[in-house]
Amino acid sequence: MILQFFVLSQRGDNIVYRDYGVNYFHVKAAGLLFVATTRVNVSPSLVLELLQRIARVIKDYLGVLNEDSFRKNFVLVYELLDEVIDFGYVQTTSTEVLKSYVFNEPIVIDAARMPPLGPASIFMQGTKRMPGTAITKSVVTNEPGGRKRDEIFVDVIEKISVTFNSSGYILTSEIDGTIQMKSYLTGNPEIRLALNEDLSIGTSDYRGSGAVILDDCNFHESVHLDSFDVDRTLSLVQPEGEFPVMNYRMTQPFKPPFRINALIEETGSLNAEVTIKVRAEFNSSINANTVLVEMPLPSFTARVNFELEPGAVGHTTDLKEANKRLEWGLKKVGGGSEHTLRAKLTFSRRNIMKEAGPVSMAFTIPMYNASRLQVKYLQIAKKSTAHNPYRWVRYVTQANSYVARL
């Protein structure tokens with residue numbers, strides 16, 4: 001397998017395609033395209049996985065993955081690629097192994113110049129908080145004074161897909177989740193991670209009412225499952241860097257974080273009115289951020305007049321003329337709250353109502369997960385009891401495909 005790699009800072013539509021005898025593969029990561037080309041017949045899933053790992057290795061060394069960090073660290077990135085790929089053949093994608101061969105130091109990007117990471121990048125443990133910039137440092141960079149801060153970050157990230165019918169009932173629902181680790185621990189100590197004791201994998205492993213039931217899951221090759229079937233504990237000796245400890249999928253019924261009700265009514269031959277209601281179904285102590293509601297409108301829509309509820313703060317409305325799409329943005333949505341948008345449509349000719357909808361929603365909810373999968377404890381084996389590394393655990397839920405039909 002002989003491959004060539006390059007990185008672009010633009011958007012693309014295809015993941016794998018063939019043109020003039022050349023196979024093209026790409027994955028998107030942090031707004032960048034990681035691209036591979038080959039003339040021989042290779043497994044697409046193998047190349048796509050390799051691209052994902054290359055992006056992860058580069059992020060480990062640069063700390064933050066964006067166009068600016070690439071420009072400033074071009075020599076380091078080139079050295080990493082040169083060690084990962086040798087004469088077109090893959091050698092290693094281990095951050096730990098590459099430390100023996102890579103000697104360039106990363107140029108740290110000024111935090112003030114970085115794009116805002118958003119509320120989802122805040123780690124919490126009880127009343128402690130740590131800004132998301134704590135995980136944007138390189139695995140080869142020390143703290144001021146030459147010392148290294150021992151800490152580990154564990155993310156439980158869930159992307160949920162839900163489809164509602166016109167009456168608000170759930171037609172389909174699914175959760176794609178991952179437990180992601182990023183380690184800055186020295187000495188590669190053994191780590192033990194305990195999950196829900198009532199966690200069930202498939203119906204053959206059912207553990208009673210109220211159990212968290214996953215359809216299937218897979219683990220990183222460094223994870224040892226000796227006691228997983230007994231007490232749902234994972235053990236691993238993690239190298240420095242970032243990697244997914246466990247990926248899982250869940251199609252069992254769960255409570256969706258948002259309820260969407262949408263209605264469009266004709267009010268005249270050239271007029272119609274759209275009403276969209278969004279209700280947050282999670283605890284009032286939690287806030288959803290960067291919420292965006294979108295709805296395609298009939299192609300002959302000439303004008304839209306928006307009406308927000310009294311006292312609405314942090315709401316934005318817009319009509320995207322290029323594709324006739326209604327957009328409603330909510331900066332922050334508290335649990336238990338309900339918000340309503342009304343839009344009066346005017347058409348240039350008789351409207352075609354079948355062109356309207358469905359309503360889709362994008363959001364991020366920090367410190368919330370719909371599956372109820374929990375990290376019960378995180379143990380780090382250390383010879384010295386006086387030294388206690390920092391441990392941070394966060395939960396983040398994001399919309400993957402969240403749709404309400406009209």
Side-chain angles (χ1 to χ4, degrees), residues 5-12 26-35 50-84 93-96 98-99 102-124 129-144 146-157 159 178-186 238-245 289-290 364 366 390-396 398:
F5 289 86
F6 50 97
V7 181
L8 303 174
S9 58
Q10 60 184 17
R11 298 183 64 85
H26 86 255
V27 297
K28 297 178 184 178
L32 300 174
L33 299 184
F34 289 77
V35 184
L50 176 61
L51 289 172
Q52 292 281 8
R53 293 196 181 196
I54 288 176
R56 191 175 298 124
V57 166
I58 294 175
K59 182 182 177 184
D60 285 343
Y61 275 83
L62 302 189
V64 59
L65 198 62
N66 60 28
E67 186 176 349
D68 192 24
S69 65
F70 260 85
R71 292 182 186 276
K72 289 185 176 294
N73 291 280
F74 174 77
V75 175
L76 174 57
V77 172
Y78 186 86
E79 186 179 12
L80 285 169
L81 289 177
D82 189 46
E83 296 298 337
V84 172
T93 58
S94 168
T95 300
E96 191 75 15
L98 288 169
K99 281 186 176 182
V102 176
F103 302 100
N104 280 286
E105 291 289 331
I107 300 173
V108 180
I109 303 299
D110 185 5
R113 299 181 56 190
M114 290 173 55
L117 297 175
S121 60
I122 293 184
F123 288 81
M124 299 181 64
R129 285 176 177 263
M130 176 168 285
T133 52
I135 61 164
T136 59
K137 61 184 179 182
S138 168
V139 294
V140 294
T141 300
N142 292 328
E143 294 289 315
R147 294 183 303 173
K148 187 169 184 178
R149 180 184 172 106
D150 267 12
E151 54 192 339
I152 184 170
F153 300 88
V154 179
D155 293 354
V156 180
I157 303 172
K159 296 185 177 181
T178 181
I179 300 177
Q180 192 93 3
M181 274 192 184
K182 187 160 188 179
S183 172
Y184 297 100
L185 302 176
T186 55
Q238 182 195 4
E240 288 189 78
E242 180 179 343
F243 74 91
V245 176
N289 304 283
T290 60
T364 298
Y390 292 90
R391 286 163 284 188
W392 307 93
V393 179
R394 76 169 177 177
Y395 300 87
V396 179
Q398 298 174 323

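Atoms considered below: every heavy atom in the structure, side chains included; atoms not considered: hydrogens, waters and symmetry mates.
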What distance separates [X] [atom1] from [Y] [atom2], expressed to the nearest 0.5 Å?
| X | Y | atom1 | atom2 | answer |
| --- | --- | --- | --- | --- |
| Gln52 | Phe34 | CD | CZ | 9.0 Å |
| Asp155 | Arg394 | CG | CZ | 4.0 Å |
| Leu76 | Phe70 | CG | CZ | 10.0 Å |
| Ile54 | Thr93 | CD1 | OG1 | 8.0 Å |

Side chains of Met181 and Phe153 in contact at under 4.5 Å (non-hydrogen atoms):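 Of all side-chain heavy-atom pairs linking Phe153 with Met181, none is under 4.5 Å.
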
Apply side-chain contact (heavy atoms from CB on, under 4.5 Å) to Glu83 and list each qualifying residue two or more places apart in sequence or on a separate chain. Leu98, Tyr101, Val102

May I ask you to decide if [Y]'s main-chain N or O and [X]'s side chain share a donor-acceptor pair within less than 3.5 Å?
| X | Y | value |
| --- | --- | --- |
| Tyr61 | Asn104 | no |
| Asn73 | Ile107 | yes |
| Asn66 | Asp68 | yes |

Taking the inter-plane angle between the rings of Phe74 and Tyr78 on a 0 to 90° scale, is it parallel (under 30°), tilted (30 to 60°) or perpendicular (over 60°)? tilted

Arg53: what forms a side chain to side chain donor-acceptor pair (under 3.5 Å) with it, not counting sequence neighbours?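 Glu49.
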
Mind listing the closest non-hydrogen atom pair of [X] and [Y] along with its distance?
| X | Y | result |
| --- | --- | --- |
| Ile179 | Val154 | CG2-CG1, 3.9 Å |
| Leu62 | Ser69 | CD1-OG, 3.8 Å |
| Phe103 | Glu79 | N-OE2, 3.1 Å |
| Arg56 | Phe243 | CD-CA, 3.9 Å |
| Ala29 | Leu65 | CB-CD2, 4.0 Å |
| Lys59 | Lys182 | O-NZ, 4.2 Å |

Steps toward side chain to side chain donor-acceptor pair (under 3.5 Å) verdict (Thr364, Asn289): CA-CA 5 Å; Thr364 298; Asn289 304 283; over 6 Å; no

